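Lettering follows sequence order; numbering is per chain, from 1. What you are looking at is a predicted structure, and each value in this text was computed from that prediction instead of being measured.
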Amino acid sequence: MHEVSIIGDLFQIIEEQIIENKLKKITKVVLSVGEFTCVEEEALRFAFQAYAQDTLVEGAQFVIEKIKATAYCQQCSSSFEVSFTNKICPTCGAYSSKILTGYELQLESLEGEEDETDFSKEEYTSNK
Amino acid sequence: MKQILVKKNILQTNDEIAERNKGIFSEKGIFTINFLGSPGAGKTSVLEQMILKLKNQVNMAVIEGDLYTTKDAERIENHGVEVLQVNTGGACHLDAAMIEEAIQHIELNEVQFLIIENVGNLVCPASYNLSEDMKVTVLSITEGNDKPLKYPSMFQRSEVLIVNKIDLIEFTNFSMDELYQDVYSLNQDIKIFEVSCRTGQGIEELCQYFSEKIKLKGEK
């Protein structure tokens with residue numbers, strides 16, 4: 001798919017989180033990718049390194065969590081693992097097209113160091 | 001060290017815009033399809049056949065997506081149907097933002113059937129929600145019956161499969177049995193139509209199917 005533009009969008013979200021949470025460095029980024037999502041892991045990692053260079057994310061650990069595809073059986077209400085070519089409920093044998101998981105492309109979590117500068121202190125507010 | 005639980009969908013921007021577009025289409029009762037397939041599968045040709053059969057009963061509008069040229073839009077325009085060409089210049093799929101922009105330039109009041117003909121591509125368009133009611137994929141005989149398993153996401157996510165150029169089947173080793181088997185293994189609920197734009201075979205049934213869907217959407 002579009003690994004570079006996906007990482008571009010990811011970094012936009014990271015930037016928002018840095019500002020919102022007053023971070024001065026990112027040490028870990030966790031991205032969840034569903035089994036049915038068409039992305040290539042190596043290309044994602046390559047793009048991530050390129051985007052991270054010279055930013056607060058440089059050197060951060062990039063974890064890609066693979067999410068298994070599951071479906072919901074409307075016949076017997078159970079959830080079960082599926083693949084592209086097998087969506088048969090192992091409990092009752094019915095076919096299910098109700099995909100529950102597998103299409104994810106989500107920034108799960110971030111780890112970072114907070115900026116402890118207290119901008120309310122006099123040295124930052126007085127006119128010198 | 002701070003841990004932040006973010007849980008944000010990377011494609012959320014596209015999905016948010018798609019929701020907005022979908023709201024507009026629902027409000028106006030417009031049945032919308034995301035029309036997909038490889039370059040040369042026959043998307044525009046099938047669309048032209050559908051226009052010939054439907055344009056006197058149904059108010060149609062088309063958004064054409066291509067990297068370059070207005071060739072496809074010109075073909076649709078020649079049938080007297082309102083059409084807008086979107087040139088992506090490089091992007092290999094349409095996205096919701098392009099559709100949001102496109103509908104600013106189309107008279108949507110009175111439109112009952114909107115066809116968004118996507119860029120020819122069996123990979124990327126599957127992942128980008130365009131606020132359609134359904135994805136319709138065109139596969140031609142000359143592409144071979146092995147394509148569904150090679151591009152599973154597209155076929156898994158489509159509600160309709162149009163097998164085009166069936167008049168050429170005798171000149172190829174295309175196996176219709178294998179195609180049905182493979183497609184149903186990905187998606188048991190998919191509706192398959194076998195058509196030929198040259199002979200007209202199957203076009204009537206295809207149009208009847210969409211007429212029903214258009215009517216239902218309009219009633220909602």
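Ranked by non-hydrogen atom pairs under 4.5 Å with chain A, the options B:N187, B:D182, B:T13 are led by B:N187. For the set A:E111, A:E113, A:Q12, A:K25, the count of heavy-atom pairs under 4.5 angstrom toward chain B peaks at A:E111. Of the listed residues (A:Q17, A:E20, A:E114, A:E104), the greatest number of heavy-atom pairs within a distance under 4.5 Å of chain B belongs to A:E114. Note: A:L110 leads A:V30, A:L10, A:L110, A:D9 in heavy-atom pairs under 4.5 Å with chain B. When each of B:Q3, B:Q156, B:Q12, B:M1 is checked for heavy-atom pairs under 4.5 Å with chain A, B:Q156 comes out on top.
A:I13 touches chain B through its side chain: at least one heavy atom from C-beta onward sits under 4.5 Å away, while N, CA, C and O do not. In this structure, no portion of A:S32 lies under 4.5 Å from any heavy atom of chain B. Contacts between A:E108 and chain B at a heavy-atom distance below 4.5 Å involve backbone atoms as well as side-chain atoms. Within the 4.5 angstrom heavy-atom criterion, no atom of A:E35 approaches chain B.
B:D66 and B:N87 share no side-chain donor-acceptor pair at under 3.5 Å. In the model, B:Q85 has no side-chain atom that pairs as donor or acceptor with a side-chain atom of B:D72 under 3.5 Å. Side-chain polar atoms of B:S185 and A:T85 form no donor-acceptor pair below 3.5 angstrom. Using modelled atom types, one finds no donor on one side chain facing an acceptor on the other under 3.5 Å when comparing B:S140 with B:N164. In the model, B:R20 has no side-chain atom that pairs as donor or acceptor with a side-chain atom of B:S131 under 3.5 Å.
Geometrically, B:K28 does not engage B:F25 in a cation-pi contact, judged by NZ or CZ lying under 6.0 Å from the ring centre and within 45° of the ring axis.
Using a distance-only test at 3.5 Å, with no hydrogens or angles considered, a donor-acceptor pair links the side chain of B:S175 to the main chain of B:E178.
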